[in-house]
Amino acid sequence: MEKTTIKELYIRKENYLNKKIKVNGWVRTVRASKNFGFIELNDGTYFANLQVVYDENLANFKEVSKLVTGSAIRVTGELVESPGAKQPFELKAESLEIEGHSAPDYPLQKKRHTFEFLRTIAHLRPRTNTFSAVFRVRSTAAYAIHKFFQERGFVYVHTPIITGSDAEGAGEMFRVTTLGFDKMPRDDRGNVDFTRDFFGKETNLTVSGQLEAEAYALAFGNVYTFGPTFRAENSNTPRHAAEFWMIEPEMAFADLQDDMDLAEDMLKYIISYVLKNAPLEMQFFNSFIDKGLLERLENVVNADFGHITYTEAIEILKNSGEQFEYPVEWGHDLQTEHERYITEKHFKKPVFVTDYPKEIKAFYMRMNDDGKTVAAMDLLAPGVGEIIGGSQREERLEHLGKRMDEQGLNKEEYWWYLDLRKYGGTRHAGFGLGFERLIMYLTGMTNIRDVICFPRTPKNAEF
RNA sequence: UCCUCGAUAGCUCAACGGUAGAGCAUCCGGCUGUUAACCGGAGGGUUGCUGGUUCGAAUCCAGCUCGGGGAGCCA
């Protein structure tokens with residue numbers, strides 16, 4: 001007999017009622033009496049458990065009554081209407097095989113756990129309702145991203161994980177080496193001799209696939225990356241991880257406005273897709289994690305995102321009458337409190353802030369005609385702050401070289417990046433979306449460690 | 001890295017200078033329809049670590065470790 005999922009039973013119970021079925025799953029709890037008992041069974045496909053009723057007719061009745069939470073079992077029997085009020089049906093067990101016993105010290109109990117504790121058992125937490133929902137939504141959102149870009153003809157590019165550029169400018173990097181730490185080869189001046197290393201040069205884990213994506217955009221037109229990214233920053237916040245996933249589209253023959261249009265379309269598409277394809281999970285989050293979640297997401301889908309320049313943002317903040325901890329002044333980067341005011345209080349919806357002073361932005365962003373600002377955009381969203389950062393790239397070789405000089409970058413190391421401007425350079429633009437931050441936004445989860453299966457953060461690489 | 005709060009049984013918490021407790025979980029027993037089942041019993045602790053103050057420290061003080069929240073860096 002073919003096995004059935006518990007989700008299938010709930011969705012199409014009329015197909016199974018009063019018929020013999022077979023299910024697999026893990027025991028959530030056992031309520032045993034002298035001559036019969038109940039098992040709450042969960043197979044990871046649905047929030048609701050399947051109530052299994054068993055009695056002395058089971059060959060292994062005594063053993064079943066002693067099952068410990070967490071045990072893996074297979075049950076065959078008839079699905080019948082339940083006399084109990086709390087479930088529409090139940091499985092009357094005819095045979096129950098114990099696939100894997102659980103030890104008595106199984107750490108998950110049927111009562112509520114803190115997320116902090118569950119992080120210490122990251123290998124078991126996917127068996128809880130919350131994490132079951134989080135990682136199903138994560139999977140759905142990942143699919144939605146591919147679907148969005150593929151439907152628009154974007155080419156999926158796998159940029160390297162190991163990079164030879166040691167200054168992509170996006171943050172501290174993890175070094176990749178096969179050199180032994182106890183006897184590092186040294187050159188004449190006592191520096192580590194990387195010519196003896198595996199790649200013959202210093203290499204690191206990537207902090208961004210953007211530069212490589214630009215090369216492919218200037219061949220395919222529209223491309224996107226979607227892969228792991230690594231930052232060695234000592235960031236101890238609920239929004240940062242050392243290993244995370246990032247989506248980086250890049251479009252040739254596109255300017256900043258095209259870039260923002262794409263970002264807005266993409267966000268709305270993903271949200272709509274997840275709302276439609278993971279409705280149970282989204283209702284769960286709305287009920288137990290974040291009461292205003294569905295309303296907020298539906299607003300985002302229906303709202304036209306706000307657009308202001310950095311200079312306008314400074315004016316709004318100065319005229320707000322708010323007392324900010326950090327002073328508002330043209331030329332300083334917007335602080336978290338400033339971003340929150342703009343998106344949560346002033347606009348009450350996602351807002352693109354554009355045209356930042358060149359001093360506070362990366363070298364590759366395109367210089368505006370005013371000579372003071374660059375064609376950058378940050379998308380600020382209520383609740384999570386900066387969710388997307390992007391720009392139109394500097395395609396003019398002279399301007400790019402000047403900016404690299406200003407920021408003290410070694411142009412020789414970027415020879416191939418500069419070549420892209422030399423051989424048929426075009427207007428082009430792109431952005432980066434932190435996948436985990438998107439998942440946080442979609443689920444209402446407030447800690448990035450709870451939307452990554454096995455999160456890597458400073459002092460934490462267990463599992 | 002800075003600021004701030006915290007760490008007591010497997011989990012969630014109480015005890016706040018005077019004998020370390022409860023609920024759940026676990027183990028044993030009872031119970032013929034349970035619903036975070038119920039009833040009875042049992043085991044379970046170097047109170048994060050190190051030092052100090054005190055007749056006496058889970059409790060007060062210092063340092064350290066780890067964790068939460070906020071900030072910076074950013075996605």
Lys/Arg-Asp/Glu bridge criterion (N-O < 4.0 Å) met for [X], [Y]:
X	Y	result
A:Arg175	A:Glu202	yes
A:Lys348	A:Glu344	no
A:Arg152	A:Asp265	no

Separation of the [atom1] atoms in [N] and [M], to the nearest angstrom:
N	M	atom1	answer
B:G30	B:G69	P	47 Å
B:U19	B:G70	C1'	42 Å
B:C31	B:G68	C1'	44 Å
B:U47	B:U8	C1'	4 Å
B:C60	B:C16	P	11 Å
B:C3	B:U46	P	33 Å
B:G44	B:G51	P	27 Å
B:G63	B:C5	P	13 Å

Taking any heavy-atom pair under 4.0 Å as a contact, classify [X]: base, sugar-phosphate, or nothing.
X	value
A:Asp105	nothing
A:Lys66	sugar-phosphate
A:Ile387	sugar-phosphate
A:Pro107	nothing
A:Tyr326	sugar-phosphate
A:Glu337	nothing
A:Phe117	sugar-phosphate

Roughly how many Å is it from [atom1] in [X] to [atom2] in [N], rounded to a whole number?
X	N	atom1	atom2	value
A:Glu56	B:C31	CD	C1'	13 Å
A:Glu462	B:C66	CD	C1'	13 Å
A:Ile388	B:C74	CD1	C1'	14 Å
A:Leu380	B:C74	CG	P	14 Å
A:Leu334	B:A71	CG	P	14 Å
A:Tyr54	B:U32	OH	P	14 Å
A:Leu67	B:U26	CG	P	11 Å
A:Asp55	B:U32	CG	P	13 Å

If pairing requires Watson-Crick or G-U wobble contacts with both distances under 3.5 Å, which nucleotide is the partner of [N]?
N	value
B:C49	B:G63
B:U1	B:A71
B:G23	B:C11

- Message: Would you call the rings of A:Phe131 and A:Phe135 parallel, tilted or perpendicular, taking 30° and 60° as the class edges?
- Response: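 A:Phe131 and A:Phe135: parallel rings.
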Note to self: Is the ring pair A:Tyr310/A:Tyr356 parallel, tilted or perpendicular, if the boundaries are 30 and 60 degrees?
What the structure shows: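 The arrangement is tilted - the two ring planes meet at 30° to 60°.
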Nearest to the side chain of [X], which nucleotide is it out of [options]?
X	options	result
A:Phe38	B:C66, B:U34, B:A36	B:U34
A:Thr114	B:A71, B:U12, B:G67	B:U12
A:Arg449	B:G69, B:U26, B:A71	B:G69
A:Lys110	B:U34, B:G67, B:C24	B:C24
A:Asn447	B:C74, B:C73, B:G69	B:G69
A:Glu90	B:G33, B:G67, B:A71	B:G33
A:Gln109	B:G72, B:C11, B:G33	B:C11
A:Asn35	B:G69, B:U34, B:U32	B:U32
A:Ser235	B:G33, B:G72, B:G68	B:G72
A:Lys34	B:C31, B:A36, B:G69	B:C31

* Shortest non-hydrogen contact between A:Asn460 and A:Glu462, atoms and distance ->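 So the two residues come closest at OD1-N, 3.4 Å.
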Side chain of A:Arg231, backbone of A:Val207: donor and acceptor closer than 3.5 Å?
->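 Flag set: sc A:Arg231 to bb A:Val207 pair under 3.5 Å.
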Does [X] place a side-chain N or O at less than 4.0 Å from the phosphate oxygens OP1/OP2 of [N]?
X	N	result
A:Lys459	B:G67	no
A:Arg119	B:G68	yes
A:Thr336	B:G70	no
A:Gln335	B:G72	yes

Report task. Look at the side chain of A:His240 against the base of B:C74 and say whether a donor-acceptor pair falls under 3.5 Å; ignore hydrogens and angles. Result ->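 Such a pair exists between side chain and base.
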field: Closest-nucleotide ordering on RNA chain B, the 5'-leading residue of A:Glu386 and A:Gly84
entry: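 Its nearest nucleotide lies further toward 5', so the answer is A:Gly84.
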Heavy-atom check, side chain of A:Pro350 versus side chain of A:Leu267, under 4.5 Å =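 Counting from C-beta outward, A:Pro350 and A:Leu267 never come under 4.5 Å.
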- prompt: Does some side-chain heavy atom of A:Leu91 sit less than 4.5 Å from a side-chain heavy atom of A:Glu78?
  reply: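 Not touching, per the 4.5 Å side-chain cut-off.
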